[in-house]
Amino acid sequence: MDSKYNPKAFEDRIYDQWTETGSFKATVNPDKEPFTIVLPPPNITGQLHMGHALDQTLQDVLIRWRRLQGYEALWLPGTDHASIATEVRVLKSIEEKEGLTKDDLGRDEFLRRAWSWRDEYGRIIVNQMKKLGSSCDWDRERFTMDEGCNQAVTEFFIKLYEKDLIYKGNRLINWCPDCKTTLSDAEVEHEEKPGHFWHIKYPIKDSDAFLEIATTRPETMLADTGVAVNPNDERYQHLIGKTCILPLVGRELPIIGDTYVDLEFGTGALKVTPAHDPNDFEIGLRHGLEQISCMNDDATMSEDMGKYAGMDRYECRKVLVNDLEAGGYLVKVKDHPHNVGTCYRCHTVIEPRISDQWFVKMDALAKPAINVLDSGDLKIVPDRFNKVYLNWLENIRDWCISRQLWWGHRIPAYYCQSCSKIVVAKEMPDVCPDCGGTHFKQDDDVLDTWFSSGLWPFSTLGWPEKTPELSYFYPTSVLVTGYDIIFFWVIRMVFSALEITGESPFEHVFLHGLVRDSQGRKMSKSLGNGVDPLEIIDQYGADALRFMLATGNSPGNDLKFQVERVEASRNFANKLWNASRFVLMSLDGEVGELSPEDQLTLADEWILSRLNGAVTEITTQLEKFDLGLAANRIYEFTWNEYCDWYIELAKKRLYGEDEAAKQTVKRVLLKVLKDILRLLHPFMPFITEEIWQSIPGIDGMLIRDQWPIADAAMISEKAEKAMDVMMEAIRNIRNVRAEMNVVPARKAKCLVLATDEGIGEILMTQSEYLVTLASCSEVVMAKTKAEVPEDAVSAIVYGAELFLPLEDLIDFEKEKERLEKECKKLEDEVKRVKSKLANQGFVAKAPAALIDAEREKEVKFTEMLEQVRVRLTAVEAKLKG
RNA sequence: GCGAGAUUAACUCAGUUGGUAGAGUGUUUCCUUGACGUGGAAAAAGUCAGGGGUUCGAGUCCCUUAUCUCGCACCA
């Protein structure tokens with residue numbers, strides 16, 4: 001092993017080794033239990049960001065852990081064509097480079113460009129994933145627009161169409177005037193923007209009266225086809241049935257009564273624009289109002305809008321308001337912040353628009369998806385997201401799935417050019433079943449990108465074919481993804497799968513949060529606060545990044561990215577590296593397995609006991625998806641127990657003359673190290689594999705069937721207790737010495753005056769630990785106080801007082817201070833325990849074990865307090881005289 | 001408006017059936033001990049947002065208030 005931890009020196013090599021040996025391959029293997037994760041396919045819009053790194057780290061931890069446990073672990077990778085997002089990006093890039101537009105290119109040329117974009121970014125993404133250490137079965141890599149996925153999409157579309165769950169209809173849809181496509185409700189983001197309330201007078205026909213309406217969107221008045229008031233509104237009910245004249249336009253508008261209108265809001269009178277507002281659309285349907293559209297697909301005013309024709313909607317707004325004012329129709333303008341819908345891709349304000357589109361009927365599909373969560377066949381971690389999931393499904397509206405884009409799955413609907421027949425089929429029909437016509441044209445539109453993503457868990461495993469993979473690996477074990485795409489993706493996978501297979505596509509959904517910058521802001525290109533995972537890997541290594549992402553955070557919560565934490569993780573890797581280097585150097589060849597012949601010392605028993613406890617805890621935590629807690633436990637065990645205590649205590653025997661003892665300590669050192677590598681491997685795969693392969697006598701990789709099983713026989717409460725005594729004694733001696741500023745080189749004799757025989761015995765039996773770790777020159781049992789020299793400081797542990805004759809080095813003022821502090825602490829403890837035990841309720845109701853523990857503490861603390869007080873008195877006397 | 005989350009040490013966050021508050025970073029002091037200064041030792045540092053309640057006992061359960069996020073739905 002290199003003397004320096006340098007991840008760059010081995011991470012790529014190790015990864016290549018894994019792939020060359022086919023270590024990530026999963027096959028249909030009836031002898032093993034499958035564990036399956038299908039990767040949420042990253043969009044091919046660009047490079048991976050820190051959010052992907054988090055997502056993939058969590059998945060890789062789970063996959064690697066299960067693989068170590070002996071499961072047939074399949075992590076199936078792939079990428080998503082990301083219809084709208086990619087189309088926007090590709091067009092932007094072409095426009096920037098060549099100044100060409102979508103229309104300049106034409107559909108075929110555009111698609112050619114998009115595919116080459118996909119090839120380029122697909123490659124980049126795979127390489128990034130490999131850098132991170134993602135252990136995917138690359139032979140099974142898929143793409144949402146590959147042949148298999150295309151088949152799945154067509155099959156599913158036809159299936160739903162035949163079941164009457166897909167229909168085409170003229171509805172008010174969300175339109176992005178910039179992307180020039182429809183959007184589903186889920187794709188519209190609401191943003192609060194400052195706006196105004198314009199109060200406008202609408203003259204009533206054949207009278208001098210006016211009806212005052214209030215609107216935030218005056219430009220849409222050009223498409224008004226009615227005015228509504230609440231039928232219970234005493235101010236206006238007499239007007240119902242009468243007619244308004246639309247200012248500037250002159251169109252007659254019926255005044256209708258509809259309880260939708262809020263009496264308190266605005267003026268209580270509402271202009272109704274069915275073709276530009278979802279609520280107005282509904283009102284219009286109820287009252288048979290005309291639907292007039294006043295805009296083009298780019299949100300400019302349409303040609304029949306007179307002087308306003310061709311104006312952008314906001315420009316039109318200004319001009320129109322001026323005209324209203326000039327005409328005396330404008331009553332007042334008030335500030336009115338309100339939420340507007342925007343496109344989730346380009347953030348252009350959505351224009352509701354009536355259009356002939358394809359929809360998925362949601363009612364029948366939503367119910368099974370609700371049931372599957374209620375029944376427990378699908379479990380969301382953390383479960384607080386159940387509400388989000390259910391709430392959305394319970395209020396779901398039909399899903400608009402057609403998009404006026406080119407990049408995506410073209411809708412498998414064919415229109416007969418001779419009659420109005422629509423044929424939904426896998427391929428273009430030859431003859432029209434209705435009219436016998438032979439000319440068909442395929443629908444120009446493509447499907448919502450999430451329509452194909454919804455099939456991802458099974459389309460990737462072969463559906464609609466009945467493949468062995470599908471029956472073995474599916475349903476999958478867990479879906480790991482961000483809570484931000486529950487609506488877009490998770491729910492759609494669930495109802496699609498239920499519709500097709502009747503089963504939930506995964507047993508668990510494990511949700512994580514967003515990665516934010518160190519100030520808690522969303523990482524974004526526009527803010528420029530994104531951190532490139534590759535740069536971090538380059539600087540600190542993939543293991544450090546992974547460890548950082550997996551810790552310091554609990555499931556479902558956002559994670560602030562802090563370089564300091566990556567650094568801390570790197571330091572941990574470095575610690576492990578050096579500890580391993582030390583152990584491996586000490587081994588000096590193969591040492592064999594630990595056997596009953598080996599004479600274990602207290603430290604051996606202790607570390608083995610701690611190790612086995614940790615194995616159980618870590619396994620349980622992983623089972624509960626508490627990856628952060630599991631990682632922390634490994635960190636703690638490795639650094640604070642193995643390195644800080646065990647290795648330090650092992651040195652004495654390692655450098656000693658006793659050959660048998662030497663072999664034993666080597667075996668324990670190695671056994672624990674190996675288990676550390678096993679436990680840590682899911683989190684830090686590279687360094688653990690690299691070290692593993694450096695172990696003498698190991699041939700083969702760490703990658704599978706290596707998860708340790710806790711050995712209950714090795715758990716020793718007695719050893720842990722005894723070791724606790726030793727550690728406490730050592731800490732206390734170190735503390736005393738540090739307070740006196742005594743350098744470690746200055747050794748001191750240690751006199752043990754025991755009040756508890758058992759404790760005294762432990763201290764004396766293990767006295768060499770005090771020599772090794774607490775700078776004691778020798779440890780001697782004192783029978784009485786008289787044997788203790790006057791110029792000594794004492795370290796008090798329960799059951800014994802340890803005297804260090806430091807003579808002239810003792811600063812009695814400091815010692816007094818220290819003892820006073822100690823005294824205060826113990827007094828507080830005694831007080832607390834005493835009052836607790838004096839509490840009748842506690843004694844009557846608390847569990848017996850707890851009461852016993854408190855009683856023990858009472859005795860212990862009282863005794864220790866007494867000792868400290870005696871010492872304090874002595875020191876005070878010394879200072880005076 | 002409905003829902004969720006957050007509020008714990010200077011900072012970032014853990015805290016699993018209620019049983020004397022933890023980590024990392026930072027701070028202070030000391031240590032060139034033969035794995036590691038990306039290190040070792042010691043220390044200081046918290047009324048667990050406020051208020052009520054249940055309980056022998058509450059960071060943890062219930063109610064409530066405040067502040068901050070984030071979803072969903074919106075009154076035109």
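Since this is a predicted model, take the numbers as computed values, not measurements. By convention in this document, chain letters (A, B, ...) are assigned in the order of the sequence lines, proteins followed by strands, and residues within each chain are numbered from 1.
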Discussion item. With a 4.0 Å cut-off on N to O distance, would you call Asp233(A) and Arg235(A) a salt bridge?
Written reply: yes
Discussion item. Can you classify the ring geometry of Phe572(A) versus Phe547(A) as parallel (below 30°), tilted (30 to 60°) or perpendicular (above 60°)?
Written reply: tilted
Worksheet item: Just checking Tyr635(A): base, sugar-phosphate only, or nothing, at a heavy-atom cut-off of under 4.0 Å?
Response: sugar-phosphate
Discussion item. Please report the distance separating the P of A14(B) from the corresponding atom of G5(B), rounded so that it comes out in whole Å.
Written reply: 14 Å
Discussion item. By the 4.0 Å heavy-atom rule, please label Val272(A) as base, sugar-phosphate, or nothing.
Written reply: nothing
Fill in: C1' spacing across the pair G19(B) / U38(B), given as an integer number of angstrom
40 Å
Discussion item. Nearest whole Å is fine: how far is C70(B) P from His512(A) NE2?
Written reply: 18 Å
Worksheet item: So what does Asn839(A) hit on the nucleic acid, given a heavy-atom distance under 4.0 Å: a base, only sugar-phosphate, or nothing?
Response: sugar-phosphate
Worksheet item: Relative to the ring of Trp577(A), is the ring of Phe10(A) parallel (under 30°), tilted (30 to 60°) or perpendicular (over 60°)?
Response: parallel
Discussion item. Can you identify which nucleotide, out of G15(B), A76(B), U12(B), has its nearest atom closest to the Leu629(A) side chain?
Written reply: G15(B)
Response to the item:
Mate of C2(B) across any strand shown (Watson-Crick or G-U wobble, both atom pairs under 3.5 Å) is G71(B)
Practice prompt. Please report, rounded to the nearest Å, how far the C1' atom of G19(B) is from the CZ atom of Phe842(A).
Written response: 7 Å
Practice prompt. Step by step, work out the side chain to side chain contact (heavy atoms under 4.5 Å, CB included) result for Met740(A) and Glu815(A).
Written response: CA-CA 8 Å; Met740(A) 298 292 136; Glu815(A) 177 67 350; 3.3 Å; yes
Worksheet item: Of Arg397(A) and Glu564(A), whose nearest nucleotide on RNA chain B comes first from the 5' end?
Response: Glu564(A)
Discussion item. Go nucleotide by nucleotide along RNA chain B from the 5' end; which of Asn279(A) and Lys836(A) gets its closest nucleotide reached first?
Written reply: Lys836(A)
Practice prompt. Mind calculating the distance between CD (Glu192(A)) and P (A73(B)) to the nearest angstrom?
Written response: 15 Å
Item to complete: Could you encode protein contacts along nucleotides 26-41 of chain B as a string, one character per nucleotide from 5' to 3', using B for base contact, S for sugar-phosphate-only contact and - for no contact, with a heavy-atom cut-off of under 4.0 Å?
Response: ---S----BBB-BSSS
Practice prompt. Tell which nucleotide pairs with U12(B), taking only Watson-Crick or G-U wobble pairs whose two distances are both under 3.5 angstrom.
Written response: A23(B)
Discussion item. Under 4.0 Å, counting only non-hydrogen atoms across every strand here, what does Glu829(A) touch: a base, just sugar-phosphate, or nothing?
Written reply: base
Fill in: Lys NZ or Arg CZ of Arg217(A) over Trp198(A) ring: under 6.0 Å, within 45°
no
Worksheet item: What is the nucleic acid contact for Arg384(A), judged by heavy atoms within less than 4.0 Å: base, sugar-phosphate only, or nothing?
Response: sugar-phosphate
Item to complete: Could you work out the separation of A58(B) and G50(B) based on their C1' atoms and round it to a whole Å?
Response: 16 Å
Worksheet item: Paired with C61(B): which nucleotide, if any, by Watson-Crick or G-U wobble criteria at under 3.5 Å for both distances?
Response: G53(B)
Practice prompt. Kindly indicate whether the side chain of Arg565(A) and the base of U25(B) share any N or O donor-acceptor pair separated by less than 3.5 Å?
Written response: no
Item to complete: May I ask you to decide if the ring planes of Phe487(A) and Trp392(A) are parallel, tilted or perpendicular, using 30° and 60° as cut-offs?
Response: parallel
Worksheet item: G18(B) and U29(B): how far apart are their P atoms, nearest whole angstrom?
Response: 44 Å
Discussion item. Students often get this wrong, so: under 4.0 angstrom with heavy atoms, is His276(A) touching a base, only sugar-phosphate, or nothing?
Written reply: nothing
Practice prompt. To the nearest 0.5 angstrom, please state how far the CD atom of Glu690(A) sits from the CD atom of Glu11(A).
Written response: 10.0 Å
Worksheet, complete the sentence: Sorted by number, residues from residues 539-556 of chain A placing a heavy atom under 4.0 Å from RNA chain B are Gly552(A), Asn553(A), Ser554(A)
Discussion item. Before you tell me yes or no, could you show the steps for Tyr635(A) and Phe683(A) under ring pair (Phe, Tyr, Trp, His ring centres under 6.0 Å), namely the whole-Å CA-CA distance, both residues' side-chain angles and the distance that decides it to 0.1 Å?
Written reply: CA-CA 11 Å; Tyr635(A) 178 102; Phe683(A) 299 93; over 10 Å; no
Discussion item. Distance check needed: A76(B) C1' versus Phe281(A) CZ, whole Å only.
Written reply: 17 Å
Worksheet item: Of the candidate nucleotides A14(B), G24(B), U12(B), which contains the atom at the shortest distance from the side chain of Ala568(A)?
Response: G24(B)
Worksheet, complete the sentence: Only one of Leu393(A), Ile485(A), Leu390(A) passes side chain to side chain contact (heavy atoms under 4.5 Å, CB included) with Ile491(A), and that residue is Leu393(A)
Worksheet entry | Beyond-backbone contact of Glu822(A) with Ile796(A), side-chain heavy atoms, under 4.5 angstrom | no
Item to complete: Before accepting this row, confirm whether a basic side-chain N of the pair Glu827(A)/Lys824(A) lies closer than 4.0 Å to the acidic partner's carboxylate O.
Response: no
Discussion item. Can you list, in residue-number order, the parts of residues 846-859 of chain A that come under 4.0 Å of RNA chain B, counting heavy atoms only?
Written reply: Ala846(A), Pro847(A), Leu850(A), Lys857(A)
Worksheet item: What interatomic distance, in whole Å, is found between C1' of G71(B) and the corresponding atom of U20(B)?
Response: 40 Å
Worksheet item: Counting only Watson-Crick or G-U wobble pairs whose two distances fall under 3.5 Å, which nucleotide matches U7(B)?
Response: A66(B)
Practice prompt. Could you check which nucleotide pairs with U32(B) in any of the strands shown, counting Watson-Crick or G-U wobble with both distances under 3.5 Å?
Written response: none
Practice prompt. Would you kindly check if the NZ (Lys) or CZ (Arg) of Lys379(A) is within the cone defined by 45 degrees around the ring axis of Phe625(A) and under 6.0 Å from the six-membered ring centre?
Written response: no
Discussion item. With rounding to the closest Å, how many angstrom separate the P atoms on U69(B) and A44(B)?
Written reply: 37 Å
Fill in: His190(A) NE2 - A76(B) C1' separation (whole Å)
15 Å
Item to complete: Give a yes/no on whether any side-chain N or O of Lys387(A) is located under 4.0 angstrom from OP1 or OP2 of A4(B).
Response: yes
Worksheet item: Ignoring hydrogens and angles, does a donor from either the side chain of Lys624(A) or the base of U16(B) sit under 3.5 Å from an acceptor on the other?
Response: yes
Worksheet entry | Whole-angstrom distance between G40(B) and U33(B), as gauged at atom C1' | 9 Å
Discussion item. Can you measure Phe487(A) atom CZ to G71(B) atom C1' for me and round it to whole angstrom units?
Written reply: 6 Å
Practice prompt. Verify the ring-centre separation between Tyr646(A) and Trp639(A): is it less than 6.0 angstrom?
Written response: no
Item to complete: Sort out the partner of A76(B) for me: Watson-Crick or G-U wobble, both distances under 3.5 Å, none otherwise.
Response: none
Worksheet, complete the sentence: Closest heavy-atom pair, Pro555(A) versus Arg384(A), reported as atoms and distance to 0.1 Å, is O-NH2, 3.5 Å
Fill in: Sugar-phosphate, base or nothing in reach of Asn557(A), heavy atoms under 4.0 Å
sugar-phosphate
Practice prompt. Under the ring pair (Phe, Tyr, Trp, His ring centres under 6.0 Å) rule, what do His512(A) and Phe510(A) come out as? Steps first, then yes or no, please.
Written response: CA-CA 7 Å; His512(A) 59 251; Phe510(A) 177 38; 7.5 Å; no
Discussion item. Please confirm whether the shortest side-chain N or O distance from Asn391(A) to OP1 or OP2 of A4(B) is below 4.0 Å.
Written reply: no
Item to complete: With a 3.5 angstrom cut-off on both distances, give the Watson-Crick or G-U wobble partner of U47(B), or none if there isn't one.
Response: none
Worksheet entry | Rounded distance (Å) that lies between atom P of G15(B) and atom CG of Asn632(A) | 10 Å
Worksheet entry | Spacing of the P atoms in C13(B) and C36(B) (rounded, Å) | 35 Å
Discussion item. Salt bridge check, Asp588(A) against Lys666(A): does any charged N sit closer than 4.0 Å to a carboxylate O?
Written reply: no
Response to the item:
To the nearest angstrom, the CG-C1' distance between Asn640(A) and G22(B) comes to 12 Å
